[in-house]
Amino acid sequence: MAKLTHYGFYFDSRKCTGCKACHIACKDRMQRVLRPETDVTQVGVDSLQGMLWRRVYEYGGGDWIAQSDGSYSQNVFAYYLSLGCNHCAKPVCVKVCPAKAMTKNQDTGLVQVDADLCIGCNSCARACPYDAPQMDSARRVMTKCDGCAERLEEGLQPECVAACPLRALDFDTMENLQAKYGLGDGHIAPLPVPATMTPNLIIKASRHAQPAGSGNGRVLNPAEV
Amino acid sequence: MERRSFLKMSAAMSCAASVVGCGSSDTRSSSDPEKPPVTTTDPQPAAEVVNWSACLVNCGSNCPLKVYSKDGVITRVSSEHETADTYGVDQQIRACPRGLSMRQRNYAPDRLTKPMKRVGPRGEGQFVAITWDEAFQEIAAKIQQVNQDYGPEAIYCHYGTGAYYGFANNKSTWHRLLNLTGGFLNHHWDYSWAGVYAACMASYGYQWDSIAGSSLSEIANSDLFVGFGFNPNEIRMSGSGEGYDFVKALESNQQNIQVYMVDPRYTDSMRGLEHHWLAIRPGTDAALIEAVIYQLIHSGWVNTNAKSFLDTYCVGFDKASLEQAKRDIEAHPEPFIQQHAQYIDPDDNYHDYILGLGKYAAQGARTATWAAAICGVTETDIVALADAIMTAQTPYITAGAGISRHANGDQATRAVYTLAMMTGKIGRSGVNSGAMPRNYGFPMAKMPTGTNPVDVTIPVFTWSDAIVRGASFTGISDGVRYTASGAVENKVDNNTAALPHNIKMVINCAGNALVNQHSDSNATAAILADESLCEMIVVCDCWMTPSARYADILLPDTTWLESEDYANDSYASGQLAYLTMMSSSLKPLGDAKSMYDICSGIAEKLGVQQAFTEGRTTQQWCEELYQQTRAKNPDVVMPESYAEAQQQGLFRKHVPEAHIAYRDYIQDPLANPRQTVSGKFEIYSISLARKAATWTLNAGDLITPLPQYVVTWDGFEDPATRDDYPIQLCGYHTKGRTHSSFHNVPWMREAVEDAVWLHPLQAQERGLTTGDRVVVFNARGTIRTQVKVTPRVSPGVAMLGQGAWYAPSQNQEVGPSGHVIDTGGCLNVLTKYHPSPIAKGNPQHTNRVQIQKA
């Protein structure tokens, strides 16, 4: 049996400035994919509020200590984490889907939703610790990062990777990513400690990065993710 | 969608030490031959056509955009990926999220599609559509009438930086038109850098030295970086701009560089790049710097390490230096320069000022103990910064413009320049003058604008006051200047300049500084609403901005993506210069016209169309200007024909070598004198000594020949406001907009939340948590917005991204200040109209407010 190919993302949190170019490039394609019939000249380009196939988390913390003269010492830190879908080797979203709508592509390893099968039950979103499944409330259908499958077929990087002004993202087979970047620094907060679903995501850690599952900081931009 | 708690889930999932997150852990095969190589080159499906365009906002870069369309409608917008992306050679010019959101912006529901005329009271946004012919006729008639009744000085062309076209920009088109009909009142300075210019001319002489600091690439050769309000990763977001250059310079640094960032906000230029964040209170940078310099002088370090530099290249460090300068100026052959000698006071020297000696004995020394209580940075941290500066061999010191946009903010910028001088190392590789870095640029020909018969200009920030009392404006009272001042104000006597009339007609194009980006939006709106003051307001824009609502005649401009034009890389685009030859396959929405065609139509009504167009269409002008641009760039291979140039679209060149600030002056000061009165770097500004003695200032304002920390209105130490309004509110450039551009793009509003940042201490005192609705208010107005509680802001300080659109409550809801609440969250509802003492610039970061739950 041929070995299954796993595509995955590489993310360098040393480089990411949290600019959201990945988020917007993804959103622009998402609108084209999900709302191809919109006459944008008449009603504008759909906002698809709340649906984010790629999210950029701002994670930070630190303490402030007041001095008697009114000055302060502190050890504040912050960094960003850009996250789409990790197209896990053992995707929990596939496992929990009662309609068999969520599948892992046998050629690319990309995890995808079949909109015709999806019953909109939200089970996958509840199960995924990365918030990858994003409900299209208007259609009552689950959607998610599909790895820009049509671009991959043309040998192109996903929109988010191609857009990144800081060159903090990459996408390739996990073999190629490991050859290029090694194994990375493990997962960092606010990600959970990688569990049994074996996410395909290699991370290079910022100097301030806290270990996965850490409580040293918190997500500072809940409204943006 | 419904959101689960990501963090809660994260905590629940944690079970063991971190494991490498990849599916196939131990295979390290170099590539998979069955898979195509993954590249970033864009596809071009057959049904789509692609045109080159560019993003033309005022962020400092004009990133090229590839616009894909079908049947005249945009299908997608992407960055260019034409090269192998080798940094320092031909890196890709990747657009930031704003450029990538252009499709949604182009088709925003508030696009202006027809010329319109106001019907209700001015500012209420009631318009009816008119024909282009009617619009041209009305504007032409008003230009003639104002010229006859008052004179050309009563026609004011306002600042607008929302469309940096190479060809059909507002200056080339409107200035050219008005210069053909008797002239108009122009402005000097801008809303970004007025205080920086004032500081730079005082310290270094030449206005544009303010953006001629050492290249950011020189940071690679530096062992210490000290940035004051330096935040390129949020302000210069282009993937080939200053932000990227800064990151790459740090990446390649082999000098074990230590990075100090001084800012009231932990910015996205830090996130681990910094070794030390000095969380300063807004408006107190000069106090921190004076304490650092105290350490340098008091320890004897200056005497041993920098005294000969100060004696050779600078004026004003000590009494002897000023005595010598006074003798030199007294003997100067030019009478205007010579008259400055009488204002030089050798007792007013920097050494005595810092150490609290002589004239400054009563004030006391500027010690770290003194400064810490003011600026909020601890004594220990101040002393550590001073130690780092004394130890460094190649300190790169720089100030962003934000520290200058305060009451007396030019003082802070001069303090940074002075700190750079005190190191005694300016002119070396890796060292900077304190200025903003020099960028490379693609030389570009523009349509000539002709000559303006009006020979005086006003500081841009004073335009609203000039509507009310312009006829009393002079050089002494309001900073009126002769056009001849150019970039070397020190050498020109502007005290006699005067404005003969109030402004009676305002032309505002591609700009939102009528109401939104100007200070005190509520009071400014009231000035504009009074039709007896300004008789006509013409606005030309693509969208219904808050400023557009104040138009009498509202003209729909085509968007960048709908335009045939060209653009270079702009003013802060880093080390790579480029030119985009823009074309379009789009159908402009409605009846939108370019500013060139608009001005041509008005010119026809005024009988000057032939002189305006010279018989050329847009395409013919662009063709001619392309050929001129090509001739200016013999080092770049550019095709002979304009059509081929449009096809190729993008031309780029990397700066040949890094710039080191003032290397020539340091090597030979006599052959390369500065444009100051003395010809040297001036710690003591001789020009400011004269202004301090001869100008009329508003109460509380102060001009000092030495750079000094001064207590200002609404500042940290202001006794008049600190009790009622205990929080210092400072603006910043949000990633979600460029100034006010892109505010009407829902994708950007979702991606970057507009919320007032508040320290946990102040939030706790008020019972506020992230996401709460709050009102922020002071004596000038009330805004309503969300609060974001974050450790990334100094205690006692609130930060608000500037540029949100002013939207007074439609049902007249009144806030705690007694004003109608601005539901748009526009910072300028809270900022003061109080021109700074020297530049008469905008002090929009000096504010005190109260915040409470809405």
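Just so we're on the same page: letters track the sequence lines, and every chain starts at 1.
With hydrogens and angles ignored, the 3.5 Å screen pairs a side-chain donor or acceptor of B:Gln762 with a backbone N or O of B:Gly796. A donor-acceptor pair under 3.5 Å is absent between the side-chain atoms of B:Trp370 and the main chain of B:Ala291, judged by distance alone. Between the side chain of B:Asn231 and the main chain of B:Thr267, no donor-acceptor pair closer than 3.5 Å is present. Without hydrogens or angle criteria, A:Lys204 side chain to A:Tyr10 main chain gives no donor-acceptor distance under 3.5 Å. Panel note: side chain A:His23, backbone A:Arg55; no donor-acceptor pair is recorded below 3.5 Å. B:Arg749 places no side-chain N or O within 3.5 Å of a backbone atom of B:Asp754 that could act as its donor or acceptor partner. A distance-only check finds a donor-acceptor pair linking the side chain of A:Gln134 to the backbone of A:Leu52 [under 3.5 Å]. Side-chain atoms of B:Glu80 come within 3.5 Å of backbone atoms of B:Ile93 as a donor-acceptor pair (strictly under, hydrogens ignored). Panel note: side chain A:His187, backbone A:Val193; no donor-acceptor pair is recorded below 3.5 Å.
The residues A:Glu154 and A:Arg151 are annotated as not salt-bridged, no charged nitrogen and carboxylate oxygen being separated by less than 4.0 angstrom.
If you measure heavy-atom distances from B:Glu274 to chain A, the contacts under 4.5 Å come from both the backbone and the side chain. Looking at B:Thr790, both its backbone and its side chain come within 4.5 Å of chain A, counting heavy atoms on both sides. Neither the backbone nor the side chain of B:His276 comes within contact range of chain A, judged by heavy atoms closer than 4.5 Å. With a 4.5 Å cut-off on non-hydrogen atoms, A:Ser47 touches chain B through its backbone and its side chain both. Looking at B:Leu761, the atoms closer than 4.5 Å to chain A (heavy atoms on both sides) all sit in the side chain, from C-beta outward. For A:Arg14, the part lying near chain B is the backbone, with the side chain staying farther off; criterion is any non-hydrogen pair under 4.5 Å. Looking at A:Glu58, only its side chain comes within 4.5 Å of chain B, counting heavy atoms on both sides. Contact of B:Val752 with chain A is made through backbone and side chain together, with heavy-atom distances under 4.5 Å. B:Ala108 does not touch chain A: none of its heavy atoms, backbone or side chain, sits under 4.5 Å away. Using a 4.5 Å cut-off between heavy atoms, A:Asp46 contacts chain B through its backbone alone, with no side-chain atom that close. Contact annotation for A:Cys16: only backbone heavy atoms (N, CA, C, O) come within less than 4.5 Å of a heavy atom of chain B. With a threshold of 4.5 angstrom between heavy atoms, B:Ala95 approaches chain A through N, CA, C or O but not through any side-chain atom. Contacts between A:Glu224 and chain B at a heavy-atom distance below 4.5 Å involve backbone atoms as well as side-chain atoms. Contact of A:Lys90 with chain B is not made at all, since no heavy-atom distance falls under 4.5 Å. Residue contact with chain A, scored on non-hydrogen atoms closer than 4.5 Å, involves the side chain of B:Asp85 exclusively. Only the side chain of B:Glu251 comes within contact range of chain A, with heavy atoms under 4.5 Å apart. For B:Thr75, the part lying under 4.5 angstrom from a heavy atom of chain A is the backbone only.
In terms of heavy-atom pairs under 4.5 Å with chain B, the best-connected choice from A:Ala163, A:Gly60, A:Pro36, A:Gly8 is A:Ala163. Most heavy-atom pairs under 4.5 Å with chain B: of the set A:Ala223, A:Cys19, A:Gly44, this distinction falls to A:Cys19. In terms of heavy-atom pairs under 4.5 Å with chain A, the best-connected choice from B:Pro760, B:Gly736, B:Gly239 is B:Gly239. Among the candidates A:Asp39, A:Val76, A:Asn221, the residue making the largest number of heavy-atom pairs closer than 4.5 Å to chain B is A:Val76. Top candidate by heavy-atom pairs under 4.5 Å with chain A, chosen from B:Arg281, B:Glu234, B:Lys587, is B:Arg281. Counting heavy-atom pairs closer than 4.5 Å to chain A, the top residue among B:Glu379, B:Glu750, B:Glu753 is B:Glu750. Counting heavy-atom pairs under 4.5 Å between each of A:Phe77, A:Tyr72, A:Tyr79 and chain B puts A:Tyr72 at the top. With respect to chain A, the highest number of heavy-atom pairs below 4.5 Å among B:Arg103, B:Lys788, B:Met270, B:His759 belongs to B:Arg103. With chain A as the partner, the residue from B:Gln786, B:Arg105, B:Arg792, B:Met748 showing the most heavy-atom pairs under 4.5 Å is B:Arg792. Of all the listed residues (B:Ser238, B:Gly771, B:Ser794), the one sharing the greatest number of non-hydrogen pairs under 4.5 Å with chain A is B:Ser794. With chain B as partner, the option from A:Ala25, A:Ala189, A:Gly109, A:Gly70 having the largest number of non-hydrogen pairs under 4.5 angstrom is A:Gly70. No other option in A:Ser206, A:Ser68, A:Cys164 has as many heavy-atom pairs under 4.5 Å with chain B as A:Cys164.
Distance check: A:Asp172 CG to A:Tyr181 OH gives 8.5 Å after rounding to the nearest 0.5 Å.
Under the 30°/60° scheme for interplanar angles, the aromatic rings of B:Trp277 and B:Tyr266 are found to stand perpendicular.
Taking the side chain as every heavy atom from C-beta outward, B:Asn233 and B:Val247 approach each other to under 4.5 Å. Considering only heavy atoms from C-beta on, A:Asn200 stays 4.5 Å or farther from A:Leu177 through its side chain. With a 4.5 Å cut-off on side-chain heavy atoms, A:Gln31 and B:Arg76 do not count as touching.
A:Tyr80 and A:Ser13 make their closest contact through O-CB, 3.6 Å (heavy atoms, listed as atom of the first residue, atom of the second, distance).
The cationic group of A:Arg167 lies under 6.0 Å from the six-membered ring centre of B:Tyr244 and within 45° of the ring axis, placing it in a cation-pi geometry.
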